[in-house]
Amino acid sequence: QQQQQQQRVGPHFGKAAKQAAAASAAASVVTNDKIGYPGPNPAAAQSAQPRSSGPGMGVRSKSRVSPTRAEQKPDPRRAVPAEASRKPKRESLREDAYYKVGRDQRDQLGTGVIRQLNNIYEHRPYFTYWVSFVQLAVMVIAILVHGLAPVAFKSQITLESVPSKDGSVERVEYKEPSNFWIGPGPNALVSLGALYAPCMRHDDRVYAEVINPQIEADKSYGCCLDLSGGVCYSSSQAECESFFKNWASDGICSGQQCCSTTGGSPYPDCDKAPLITLTGSDVQTCSCPIVARPCCLGLVGGCELQSKEYCDFKDGIWHDDRQLCSEVNCLEEQCGLVKFAKNDKPDQFYRIYLSLLLHAGLIHLFFVLLFQHSVALDIEKLSGFVRMAFIYVLSGSGGNLVSAILTPYQVSAGAFPSCYGLLACLMVELFQSWQLLESPCCEFFKLLFMTVFALLLGFLPYVDNWGNTAGFVVGIAASIVFLPYITFGKWDAARKRFLLLVGFISLIIFFVLAFSLFYTNQFNTCEWCEKYNCIDLVENFCTENSQNELQRKV
């Protein structure tokens with residue numbers, strides 16, 4: 001009897017269950033289509049299935065699921081994917097944006113907003129991967145070629161006895177700059193492309209205080225002859241006579257003046273060679289071992305006539321084929337990269353964006369890569385390669401340009417200005433999509449915390465707070481121009497188009513004014529600018545870590 005009863009009831013139950021499931025699935029399709037998610041609702045379909053299909057359970061299952069209940073009008077707030085109740089995986093930006101919407105706000109979104117959300121295309125973050133790889137490769141090459149500077153907060157002082165140009169042994173002190181970021185020293189960073197204004201323009205103060213006085217002094221130099229040692233070098237008359245040497249006033253130590261001393265006796269160990277002139281007369285030319293030649297020291301074009309041992313100990317650049325400092329361009333030698341088009345016109349303006357690929361050390365690079373792979377990836381997925389590249393480069397270049405204007409004698413490197421520009425992108429995206437977020441205030445305070453933390457890092461050497469701040473400002477304008485946005489009605493669309501126009505004009509005005517100020521009006525005496533840029537954690541911490549190369553003593 002039980003088997004007959006099951007055979008009699010079973011077909012009716014199966015038909016009813018199928019009708020209920022079909023009605024529920026149809027309702028979920030209609031409801032989900034309104035919010036941009038066509039397809040069956042898993043929760044509704046699951047509720048329409050019988051709890052058990054085993055023997056003897058058909059009657060109770062039929063009573064639990066009735067066609068009348070399945071055909072009721074669905075509640076729009078409940079007609080959402082079942083995964084909305086838990087944190088979903090980010091399979092696409094469209095789903096990520098959908099899940100961030102509060103459950104009460106989903107019903108208020110119009111079809112236009114839903115259509116815009118559905119049209120969001122997820123890009124591959126190729127630019128972020130590329131720039132991260134290049135930054136890492138540059139860091140590795142810099143360390144392999146130039147080595148690591150001492151890891152400390154102050155310069156390391158070394159004392160050593162080295163041969164001097166007058167033949168004596170001199171006790172010399174050398175302050176080797178340190179780098180607590182675990183990276184190369186400032187000289188190596190500048191030669192690799194770090195931001196440094198004297199390499200980018202003709203700096204009036206550098207030429208007036210350092211380079212031009214050396215050129216004027218060379219005009220009064222002669223050859224200082226050491227009769228006892230059989231050597232010579234170029235020097236002033238006062239310096240030469242202070243060491244009891246003989247001085248010849250013909251400029252450099254070569255030619256006829258080397259063949260005789262001031263007393264008329266032949267110069268010892270002087271090589272003589274006849275020179276036949278057009279008139280047929282013989283003129284003797286002489287040469288002597290020159291022990292002091294130009295040695296480039298520091299990063300502001302400083303030059304001294306010193307022995308090779310002295311120059312090597314001071315980590316300078318010794319020119320064995322020159323005799324006077326006016327014959328070499330020490331600023332060009334220290335800047336490295338491509339030589340200047342004109343000797344007195346530094347033109348390495350490309351440092352404003354080249355320095356974004358170079359970092360002060362491994363710790364510095366770690367912070368940048370961490371930020372790029374936690375923030376920049378999502379921004380590029382939303383905006384794409386080209387938009388991301390514009391925002392990244394414009395923010396970094398604008399920040400570096402302001403840094404070069406206000407703190408021209410500081411050595412700085414790294415992509416922190418670009419990272420600040422990306423933080424500005426998140427801020428702009430937050431306010432433009434405020435209605436879409438379930439807890440926008442929480443997101444705002446997260447971004448505020450990241451901004452303050454990056455600002456604190458800017459008080460350390462080789463990182464510039466002026467560049468970070470300017471990068472943030474440029475990032476706001478660049479993100480308004482280049483980031484895709486969602487509009488909530490005609491008035492909101494008009495407002496955002498107006499902001500786009502304002503942002504585009506602001507970028508043009510900013511870069512025109514910044515370049516004009518950089519090349520025409522030089523802010524060389526802005527002492528308060530350095531206070532915002534670096535804090536002395538220990539005595540002379542900022543000066544000894546290349547915050548002001550004019551004040552740093554080698």
Worksheet item: Does the side-chain contact (heavy atoms from CB on, under 4.5 Å) test come out yes or no for Phe416 and Asn465, once each step is laid out?
Response: CA-CA 9 Å; Phe416 265 22; Asn465 262 343; over 6 Å; no
Looking at side-chain heavy atoms only, is the closest gap between [X] and [Y] below 4.5 Å?
{"X": "Asn400", "Y": "Tyr353", "result": "no"}
{"X": "Pro408", "Y": "Arg205", "result": "no"}
{"X": "Glu333", "Y": "Ser191", "result": "no"}
{"X": "Lys345", "Y": "Asn343", "result": "no"}
{"X": "Phe340", "Y": "Gln348", "result": "yes"}
{"X": "Ser395", "Y": "Leu422", "result": "no"}
{"X": "Val131", "Y": "Leu356", "result": "no"}
{"X": "Lys339", "Y": "Asn329", "result": "no"}

Worksheet item: Checking side chain to side chain contact (heavy atoms under 4.5 Å, CB included) against Ser132, which of Leu136, Thr128, Val134 comes through?
Response: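 The residue from Leu136, Thr128, Val134 that satisfies side chain to side chain contact (heavy atoms under 4.5 Å, CB included) with Ser132 turns out to be Thr128.
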Roughly how far, to the nearest 0.5 Å, is the [atom2] atom of [Y] from the [atom1] atom of [X]?
{"X": "Phe180", "Y": "Lys154", "atom1": "CZ", "atom2": "NZ", "value": "14.5 Å"}
{"X": "Met200", "Y": "Leu195", "atom1": "CE", "atom2": "CG", "value": "5.5 Å"}
{"X": "Ile391", "Y": "Ser418", "atom1": "CD1", "atom2": "OG", "value": "11.0 Å"}
{"X": "Leu448", "Y": "Lys446", "atom1": "CG", "atom2": "NZ", "value": "13.5 Å"}
{"X": "Leu500", "Y": "Ile505", "atom1": "CG", "atom2": "CD1", "value": "10.0 Å"}
{"X": "Leu430", "Y": "Cys441", "atom1": "CG", "atom2": "SG", "value": "8.5 Å"}

Item to complete: Any chance you could lay out the side-chain contact (heavy atoms from CB on, under 4.5 Å) test for Leu354 and Leu337, step after step, and finish with the verdict?
Response: CA-CA 11 Å; Leu354 186 63; Leu337 300 179; 4.0 Å; yes
Fill in: Aromatic ring pairing Phe385/Phe127, orientation class (parallel under 30°, perpendicular over 60°, tilted between)
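Taking Phe127 first and then Phe385, their aromatic rings stand perpendicular (interplane angle over 60°).
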Worksheet item: Parallel, tilted or perpendicular: which describes the rings of Phe453 and Phe449, with under 30° parallel and over 60° perpendicular?
Response: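 Plane angle under 30°, so parallel.
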Discussion item. Please evaluate residues Val375 and Met450 with respect to the criterion side-chain contact (heavy atoms from CB on, under 4.5 Å), reporting the C-alpha separation (whole Å), side-chain torsions for both, the decisive distance (0.1 Å), and the verdict.
Written reply: CA-CA 11 Å; Val375 174; Met450 296 173 63; 3.7 Å; yes
Tell me if the [atom1] atom of [X] is crowded by more than 12 foreign heavy atoms within 6.0 Å.
{"X": "Phe511", "atom1": "CZ", "result": "yes"}
{"X": "Phe459", "atom1": "CZ", "result": "yes"}
{"X": "Phe445", "atom1": "CZ", "result": "no"}
{"X": "Tyr532", "atom1": "OH", "result": "yes"}
{"X": "Tyr126", "atom1": "OH", "result": "no"}

Item to complete: Please name all residues satisfying side chain to side chain donor-acceptor pair (under 3.5 Å) with Ser397, sequence neighbours left out, ordered by chain then number.
Response: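 Listed in chain order: nothing, the list is empty.
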Can you check whether [Y]'s main-chain N or O pairs, donor with acceptor, with [X]'s side chain at less than 3.5 Å?
{"X": "Asp347", "Y": "Ala341", "value": "yes"}
{"X": "Gln334", "Y": "Asn187", "value": "no"}
{"X": "Glu380", "Y": "Met388", "value": "no"}
{"X": "Tyr420", "Y": "Thr451", "value": "yes"}
{"X": "Asn468", "Y": "Leu455", "value": "no"}
{"X": "Arg351", "Y": "Ala194", "value": "yes"}

Quick one: closest heavy-atom pair of [X] and [Y], and the distance?
{"X": "Ala424", "Y": "Gly475", "answer": "CB-C, 3.7 Å"}
{"X": "Val190", "Y": "Cys199", "answer": "CG1-SG, 4.1 Å"}
{"X": "Ser178", "Y": "Ser155", "answer": "OG-N, 4.1 Å"}
{"X": "Ala197", "Y": "Ala404", "answer": "CB-O, 3.8 Å"}
{"X": "Val411", "Y": "Pro186", "answer": "CG1-O, 4.4 Å"}
{"X": "Val210", "Y": "Val300", "answer": "CG1-O, 3.5 Å"}

Under 3.5 Å donor-acceptor pairs involving side-chain atoms of residues 360-371, not counting sequence neighbours:
{"residue": "His364", "atom": "ND1", "partner": "Ala360", "partner atom": "N", "Å": "3.1"}

Discussion item. Quick one about Ser403 and Asp464 (side-chain donor to acceptor, distance below 3.5 Å, no hydrogens or angles considered), yes or no?
Written reply: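 Judged by distance alone, the side chains do pair up.
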Worksheet item: Is the closest side-chain donor-acceptor distance between Tyr392 and Gln372 under 3.5 Å?
Response: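 A donor-acceptor contact under 3.5 Å links the two side chains.
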Fill in: Arg201 NZ/CZ over Phe518 ring centroid, <6.0 Å and within 45° of normal
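Satisfied, under 6.0 Å and within 45°.
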Item to complete: Show your working on side-chain contact (heavy atoms from CB on, under 4.5 Å) between Leu189 and Tyr196 and close with a plain yes or no.
Response: CA-CA 10 Å; Leu189 291 175; Tyr196 187 56; over 6 Å; no
